[in-house]
Protein chains: 2
Amino acid sequence: MNPEEDLQILQSVDLSISVLMEIAKHADIRLTEIAQNLGETKPRILRSLRTLKHRSFVQRTESGGYRLGNAILVLGTAASTQIDLVKLASPILESLSQKVNETVQLRIRDHAEALCIAKFEPSRDLRVHAVVGRRRPLYAGSSKVLLAFLPEELQAELIPGRPDRMTPRTPVDRARILVELRRVREAGYCISHGEVSEQLVSVAAPILAFGGSVIGGINIAAPAFRTQQADLDRYVALVTAAAREISEGLSGGR
Amino acid sequence: MNPEEDLQILQSVDLSISVLMEIAKHADIRLTEIAQNLGETKPRILRSLRTLKHRSFVQRTESGGYRLGNAILVLGTAASTQIDLVKLASPILESLSQKVNETVQLRIRDHAEALCIAKFEPSRDLRVHAVVGRRRPLYAGSSKVLLAFLPEELQAELIPGRPDRMTPRTPVDRARILVELRRVREAGYCISHGEVSEQLVSVAAPILAFGGSVIGGINIAAPAFRTQQADLDRYVALVTAAAREISEGLSGGR
DNA sequence: CATTCATGTTACGGCTGACGTAATTTGCTT
DNA sequence: AAGCAAATTACGTCAGCCGTAACATGAATG
């Protein structure tokens, strides 16, 4: 199909990963639907599922569909202790979340999207819901901290020609986004008022490595109605401190 | 090699899963070591790793080794929301852990071992450390609840001929283990005094399904020195109630 | 109760993609 | 610079994976 990009990829493994991702997205999905979504034949998917099941990567549901299995649970836990960023950040996120009593997230840039790889939600009833694995555009909301410290040419590549408008406040003009990114870089943090979701505000700071490259970003997300200017000021101070703490932990810790 | 058991397993997928497991066990492992541990050639492992890396299932470390990647993190989180038992049990475990201020675990039987699939630790300094993915024998400690409600012939199969002695209190006589299992079945819970680790006590209750089959078990693990008889009595009541709550949630909640 | 349809599963021959050996490169240690 | 081990590439051979097509299963319909 495509002329480049595929050197030495084991196809049945690659397919099986796609199958897993499909099951992760839709719990209790059936063989036929997986085959359709991936544009593959049923026997091929069946062989893949059989193998994955044989290793407890998937299991069958009562209704005859498939869901992720225990081995994935185990792997996932191992991953969160192996990925330094998550390992180091988790207690800091938890403490930050308790201090502000709002939801906090750790995000990294994954290609042209922001990917949440850890989160903490406070135990109050009304709170911002966050999901590990969720992807968001880089050009809107506080995800901009992941973009603002990159070389400007790369920024330009990562901003789509015609950005999606998610709310009335979503920035869709490329030139204005670039200006805003410069502002974020100079300030060292980013505040978003309803750029991704109407009723939310989000305050983010970058986790920086040597040489000013960005490793990830942490942000506090809160309902706008209960967030005053004084809260925002406090959030900026706290989120910046937490981000610096993680940065230092990454350089210091072996 | 072995004459049975392998019908229609995709070998490169099966191998790649072994590679993942190997990396989960040893963070920052190198190509050569993986190949040795699995008894495979390096090119084969390399192709597998390349494919896994291509999909962010693994990533390279600074030192040139491999660790689990972001996609595994995402999958793992999805798994914990898809596996009904974990999803349902998590809040109950958390509440139980807060009530007793000790570590609690959710375990299932995986072949002839107990496998921890969820846990909660209290925030006090001295506490029992638990690890999702850790395996323990079924015949010792409070894991016996996973064994006690099985048919006796199956119990016999699952107890090794010569059980490992982990502490002086580990039961190693098959006949005595079988008697103890009967006691556990009649009591409906299990208390272990230092059978797996010298200084620990553990109280467990089974999560039962219709017909009395065991789905899993939850247990409270605590340092022996601060656990009085009155505490044990309280733990039995609480762990049994929590287990019943989960059982009912599984039958009721569609 | 027979019919139909969709889904899941098995069978099988062809072909390509995965295989191991061996050569080469990389990169670190001496 | 030389030496060594680990990582990677090259390549011809073969079997593992492939899709088609037939079969089985079971739920929905008349």
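Order of the sequence lines fixes the chain letters, A, B, ..., with proteins taken first and strands second; residue numbering starts at 1 for each chain. Atom set for the values below is all heavy atoms of this structure, side chains included, hydrogens, waters and symmetry mates excluded.
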> Any idea which heavy atoms bring Gln155(A) and Leu178(A) closest together, and the distance?
Replying inline: OE1-CD2, 3.7 Å
>> Tell me every residue that passes salt bridge (charged side-chain N to carboxylate O under 4.0 Å, His left out) with Arg134(A), counting only those two or more places apart in sequence or in another chain.
In response: none
> What integer distance in Å separates Leu49(A):CG from dC17(D):P?
Replying inline: 15 Å
>> Holding to side-chain contact (heavy atoms from CB on, under 4.5 Å), I want the full list of residues that pass it with Ser56(A), two or more places apart in sequence or in another chain.
In response: Ala71(A)
>> What is the separation between atom NZ on Lys53(A) and atom P on dT9(C), rounded to the nearest whole Å?
In response: 9 Å
>> Tell me the interatomic distance from Ile34(A), atom CD1, to dT7(C), atom C1', rounded to whole angstroms.
In response: 13 Å
> What's the CG-C1' distance between Leu15(B) and dA15(D), to the nearest Å?
Replying inline: 16 Å
> Rounded to whole angstroms, how far apart are CD1 on Ile29(B) and C1' on dA6(D)?
Replying inline: 14 Å
> Ile45(B) has an atom CD1; how far is it from atom P of dT21(C), in whole Å?
Replying inline: 14 Å
> Going through the distances and angles, do Lys119(B) and Glu94(B) end up as a salt bridge (charged side-chain N to carboxylate O under 4.0 Å, His left out)?
Replying inline: CA-CA 8 Å; Lys119(B) 58 139 192 179; Glu94(B) 180 172 7; over 6 Å; no
> Are Ser12(B) and dA18(C) close enough that a side-chain N or O sits under 4.0 Å from OP1 or OP2?
Replying inline: no
> For the pair made of CD in Glu62(B) and P in dG27(C), what is the distance, rounded to whole Å?
Replying inline: 17 Å
> If you measure only the distance, is there a donor-acceptor pair under 3.5 Å linking the side chains of His26(B) and Glu33(B)?
Replying inline: no
Between protein and nucleic acid, restricted to nucleotides 7-10 of chain D and to nitrogen or oxygen atoms under 3.5 Å apart, what atom pairs and distances do you find?
from   : atom 1 : to       : atom 2 : distance (Å)
dA7(D) : OP1    : Arg30(B) : NH1    : 2.5
dA7(D) : OP2    : Thr32(B) : N      : 3.0
dA7(D) : OP2    : Thr32(B) : OG1    : 2.2
dT8(D) : OP1    : Arg60(B) : NH1    : 3.1
dT9(D) : OP2    : Arg50(B) : NH1    : 2.8

> Taking 4.0 angstrom as the limit, do Arg107(B) and Glu113(B) come out as a salt bridge?
Replying inline: no
> Rounded to the nearest Å, what distance is computed from the CD atom of residue Gln36(B) to the P atom of nucleotide dA5(D)?
Replying inline: 13 Å
